[in-house]
Amino acid sequence: MLKGYSDNEFYEETMVLFNQMKSRDVRPNCFTFPFVIKSCKMLLALGEGKKVHCFVIKSGFEMNRFISIAMIDMYSTVGAVKLAHQVFDGMPERNIVAWTAIISGYILSADIKNARRLFEITPDRDVIIWNIMISGYISNGDMVTARKLFNEMPNRDLMAFNTILIGYFNNENFEEGEKFFDEMTEKNVFSWNGLIGGYARKGRFSEVLGAFKRMLKESSDIPPNDATLVSVLTACSRLGALALGKWVHVYAVDNGYKQNIYVGNGLIDMYSKCGNIENAIEVFNCMNSKDLITWNSIIGGLAMHGRGNDALIIFDQMRNANKKPDGITFVGVLCACTHMGLTEKGFSYFNLMTEDYSIVPEIEHFGCMADLLARAGFLNEAVDYIRKMPIQADAVIWSALLGACRTYRNIQLAEIALEKLIELEPKNPANYIMLSNIYKDMGRWEDVARLKVAMKETGVRKPTGCSLIEVNDGVTEFYSLDEKHPQREEIYRVLNGLVELLKSPSYDSGIDELEEGYVY
DNA sequence: CTAGGGTTAG
């Protein structure tokens, strides 16, 4: 029964059952404890773990190797390496697993020196312990020592190679990583995911797509798995590569990933970010099991698309399904309120978050509230709110206010916001441009000119505006005011046509459908 | 019936 609970990640239930066992004076044997200790570890319950430790000693199992190793692992995970080491020292005979556990413990608490010291005196080191030591250096950012150790390693397996590969990418050494990858004679799906995921984590999304296409072409014997697809979907989201995203969707369905929660979540996010909320909803509805990220993705996606009502309906469904929202869920919910101008409702959701769910609001939540007020036109209240919040407002919040100042043509507050923004990010030209646009809207051309001078004095040029569009089989970049583009004539002809179309009286922008609180 | 290693999502 304990194994059943523990194997299925029902750790609280494991503990409850174990305590029932104790209160009924049923004596545990040596097989009982590992499940219980693992549950303490997974629940990060140090206090409970200590109690179990005492019970182990009382029951006479102190010398059991399996139990000691479970305990070392538990203490290490909850951040009590000292206790872990005590257990290790108390072991009459330590095998390689015990050495591995204590070394992992030191690495986990970023004590690489002690980890290495123990590694050096470990008898009969195997590939696993070598790999753990190497990844320990990598997680400490010491790629040089990691590589040195790798070179000294006697029997390198493919995982060792993959560890080094991922290490180069995590430490942003792309050249070495690529070189290392190309020199690997044997590869598996983890190798490819190391490359693709490495690019994805570092925001190199064009490279993600390139590597993915290379994988399909060069390694047809190694099919992508769920992790591959998720990395590719992330890149599609960021690049707006809807066509490739749809291809991944079809691929996922054809290859048995239809009900994979990671892939499903990736698809929801991809469709939302690529502007296709209907497909995002369809994926959401087809998913048999949903986790927190599934709910958060669809709620955030709907809010982002201005479908605040639907976002709030889904949020209700989530609560009815007894799923516990977290801080990110509420970012979506508050954002939904903001985009519908539901000021009061936004505040009641904020209270729901802090009171009913005991979620400590973070800066993004305060930002949502300030934005909620500002977009609804309550500019003074927004400034007041910002000044009174328990966290110092950041540039994101002040620039949201500055944006609202433009909407409501409030110069006084705009100037205050810019002052704050100059303090917070003196080198961001976007802030000057925002205020300059407000002056421009109001025809205050001397002020526009004055700002232009002030901006020049900062010595920072605004990077050229850039947009991406998927063309045929790739993603093409467009730069604002680009005179050098080979298809310049054609592009500007279409662009001007679109501008005329937007201006024409027959064009229905759909603005009527927006709720109050918006001024265009 | 018990112990140690890698990638993925908001």
Side-chain angles (χ1 to χ4, degrees), chain A residues 1-4 6-7 28-38 41 61 64-74 76 91 94-105 107 122 125-136 138-139 157-167 169-170 188-201 208 224-235 237 257 260-270 272-273 280 284 287 290-301 303-304 325-332:
Chain A
M1 197 62 210
L2 288 168
K3 176 182 162 58
S6 162
D7 282 358
N29 69 7
C30 64
F31 296 110
T32 315
F33 287 105
F35 303 119
V36 180
I37 298 168
K38 187 191 174 189
K41 162 186 150 173
F61 291 113
N64 181 287
R65 185 190 286 161
F66 286 92
I67 295 175
S68 297
I69 289 168
M71 217 113 65
I72 293 171
D73 191 28
M74 182 272 295
S76 297
M91 289 177 76
R94 308 172 191 110
N95 64 4
I96 184 79
V97 185
W99 283 94
T100 310
I102 189 64
I103 289 173
S104 304
I107 288 172
T122 305
R125 293 175 293 194
D126 62 5
V127 261
I128 297 179
I129 204 159
W130 275 89
N131 284 341
I132 285 177
M133 200 59 228
I134 290 170
S135 37
I138 293 173
S139 57
D157 62 356
L158 182 51
M159 195 188 268
F161 278 87
N162 289 343
T163 303
I164 291 290
L165 172 72
I166 293 162
F169 278 90
N170 280 350
N188 63 9
V189 71
F190 285 94
S191 320
W192 282 101
N193 289 353
L195 184 76
I196 294 169
Y199 284 131
R201 273 195 309 283
V208 172
N225 67 6
D226 51 349
T228 323
L229 300 183
V230 169
S231 295
V232 174
L233 287 172
T234 308
S237 309
Y257 295 111
N260 183 291
I261 205 152
Y262 284 90
V263 174
N265 293 346
L267 285 168
I268 292 175
D269 186 51
M270 182 276 296
S272 304
K273 299 243 170 81
F284 176 81
M287 285 170 73
K290 301 176 170 77
D291 67 2
L292 180 62
I293 294 178
T294 318
W295 293 98
N296 288 355
S297 301
I298 195 71
I299 291 170
M304 195 187 299
D326 69 353
I328 294 173
T329 321
F330 278 98
V331 172

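Heavy-atom basis, side chains included; hydrogens, waters and symmetry copies ignored. The chains referred to below are lettered A, B, ... by the order of the sequence lines, with proteins before strands, and numbering in each begins at 1.
Within the 4.0 angstrom heavy-atom criterion, only backbone atoms of the sugar-phosphate kind lie near A:Phe35; the bases stay farther away. Among the atoms of the strands shown, none is found under 4.0 Å from any heavy atom of A:Leu229. Counting any heavy atom pair closer than 4.0 Å across all strands shown, A:Asp157 reaches a base atom. Contacts of A:Ser297 with the nucleic acid, taken as non-hydrogen atoms under 4.0 Å apart, involve only primed sugar atoms and P, OP1 or OP2. Within the 4.0 angstrom heavy-atom criterion, only backbone atoms of the sugar-phosphate kind lie near A:Asp269; the bases stay farther away. The residue A:Asn188 sits close to a base: some heavy atom pair falls under 4.0 Å. Looking at heavy-atom distances under 4.0 Å, A:Arg201 makes contact with sugar-phosphate atoms alone, never a base. Within 4.0 Å (heavy atoms only), A:Ile299 reaches no atom of the nucleic acid at all.
We find that the ring of A:Phe31 and the base of B:dT2 do not stack by the test of centres under 5.5 angstrom and planes tilted less than 30°. Aromatic stacking is not marked for A:Phe66 over B:dA3, as the cut-offs of 5.5 Å for the centres and 30° for the planes do not both hold. Judged by centroid separation below 5.5 Å and plane tilt below 30°, A:Tyr262 stacks onto the base of B:dT8.
Checked by atom type, the side-chain pair A:Asp269/A:Ser272 shows no donor-acceptor distance below 3.5 Å.
Look at A:Lys38 and you won't find any side-chain N or O under 4.0 angstrom from OP1 or OP2 of B:dA3.
Taking atom CG on A:Asp226 and atom P on B:dT7, their separation rounds to 13 Å, with Å as the unit. If you take NZ of A:Lys41 and P of B:dG4, they are 7 Å apart, rounded to a whole angstrom.
Residue A:Asp126 places a side-chain atom within donor-acceptor reach of the base of B:dG4, judged by atom type and a 3.5 Å distance cut-off alone.
Between B:dA3, B:dG4, B:dT7, one nucleotide has an atom nearer to the side chain of A:Ile128 than all others, and that is B:dG4.
Counting heavy atoms from C-beta on, the side chains of A:Ile129 and A:Met133 never come closer than 4.5 Å.
At least one donor-acceptor pair closer than 3.5 Å links the side chain of A:Asn265 to the backbone N or O of A:Ile261.
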